[in-house]
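To keep things clear, I will list the structure first and then write my remarks on it.
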Amino acid sequence: MDKLGKKQISIKEFDANATTNSSTVIRRYGKWNDALKIAGASLNNTFYSDEELLSNIKDAWLKKGTQPSRRDMDNKDYSIISSGTYLRHFGTWYKALDCFVSYISDNKDIVSNEIEIDNNTNRTTIKHKTKRDPSDRLKVQVLMRDGNKCRICGAVCSGGLHNIHFDHIIPWSKGGETVLENLQVLCSVCNEAKGNM
Ligand SMILES: [Zn+2]
């Protein structure tokens with residue numbers, strides 16, 4: 001399983017790569033999925049790569065709107081990977097979060113600088129170096145920096161993503177880029193108020 005580097009393995013793939021026949025495994029464990037669960041528990045996380053584990057924390061952070069606790073990782077609404085898997089992989093939840101901070105700071109959002117020319121009007125538009133919508137990774141960076149709070153009123157973003165707005169401080173339409181320095185967390189109320197100004 002480790003060899004294939006996958007989370008799931010089909011019976012067919014197993015027979016092609018393993019020395020044991022799948023029918024032996026099924027005879028022993030009853031169901032294929034039960035065998036996978038047992039294998040996952042005994043192989044100490046060969047199911048998940050660092051990237052998958054850290055990306056899942058990112059998703060949980062965005063779903064919750066604030067930093068997920070170890071216990072949150074056992075909440076299916078936030079996380080698809082259990083806290084036990086994190087503890088086996090990283091040792092402690094604190095260490096997992098420590099790795100997460102390095103992971104999330106690795107900014108890959110700057111795209112190449114392109115000149116956009118409108119073929120109809122022949123006018124050049126603002127040359128953005130970034131994409132308008134922040135990546136999930138960047139969203140978590142903004143939440144971390146702003147303490148998961150609205151930068152205007154200080155409301156804690158507890159209601160998940162639907163209450164959180166990632167606002168361009170210098171508007172995108174005025175050339176503001178989608179970078180950490182130009183983004184802020186706003187609650188829906190303050191975001192609407194800013195929009196009406
Ligand atoms: Zn607010």
Same hydrophobic cluster for [X] and [Y], using side-chain heavy-atom links shorter than 4.5 Å among ILVMFWY?
| X | Y | answer |
| --- | --- | --- |
| V189 | I152 | no |
| V140 | I81 | yes |
| W172 | V179 | no |

task: Anything under 30° is parallel, anything over 60° is perpendicular, the rest tilted; go ahead and classify W93 against Y86.
output: perpendicular
Judged by modelled atom types alone, do [X] and [Y] share a side-chain donor-acceptor pair under 3.5 Å?
| X | Y | answer |
| --- | --- | --- |
| N148 | W61 | yes |
| S82 | D74 | no |
| D72 | S69 | yes |
| Q184 | D167 | yes |

[X] versus [Y]: any side-chain heavy-atom pair under 4.5 Å?
| X | Y | answer |
| --- | --- | --- |
| L54 | F90 | yes |
| L62 | L143 | yes |
| P134 | V142 | no |
| V185 | I164 | yes |
| C187 | H165 | no |
| I57 | P68 | yes |
| R70 | Y94 | no |
| K149 | D146 | no |

Measuring from atom [atom1] of [X] to atom [atom2] of [Y], what distance do you get when rounded to the nearest 0.5 angstrom?
| X | Y | atom1 | atom2 | result |
| --- | --- | --- | --- | --- |
| S105 | M144 | OG | CE | 6.5 Å |
| Q141 | F166 | CD | CZ | 11.0 Å |
| T92 | K95 | OG1 | NZ | 5.0 Å |
| R151 | L183 | CZ | CG | 9.5 Å |
| D59 | S79 | CG | OG | 9.0 Å |
| N75 | S83 | CG | OG | 11.0 Å |

Side-chain donor or acceptor of [X] paired with backbone N/O of [Y] under 3.5 Å:
| X | Y | answer |
| --- | --- | --- |
| E52 | S49 | yes |
| H89 | G84 | no |
| N182 | I170 | yes |
| T178 | R132 | yes |

- prompt: Does NZ or CZ of R137 lie under 6.0 Å from the centre of the six-membered ring of Y103, at an angle within 45° of the ring axis?
  reply: yes
task: Please lay out, stage by stage, how M73 and N56 fare under the test side-chain contact (heavy atoms from CB on, under 4.5 Å).
output: CA-CA 9 Å; M73 302 315 280; N56 182 59; 3.6 Å; yes
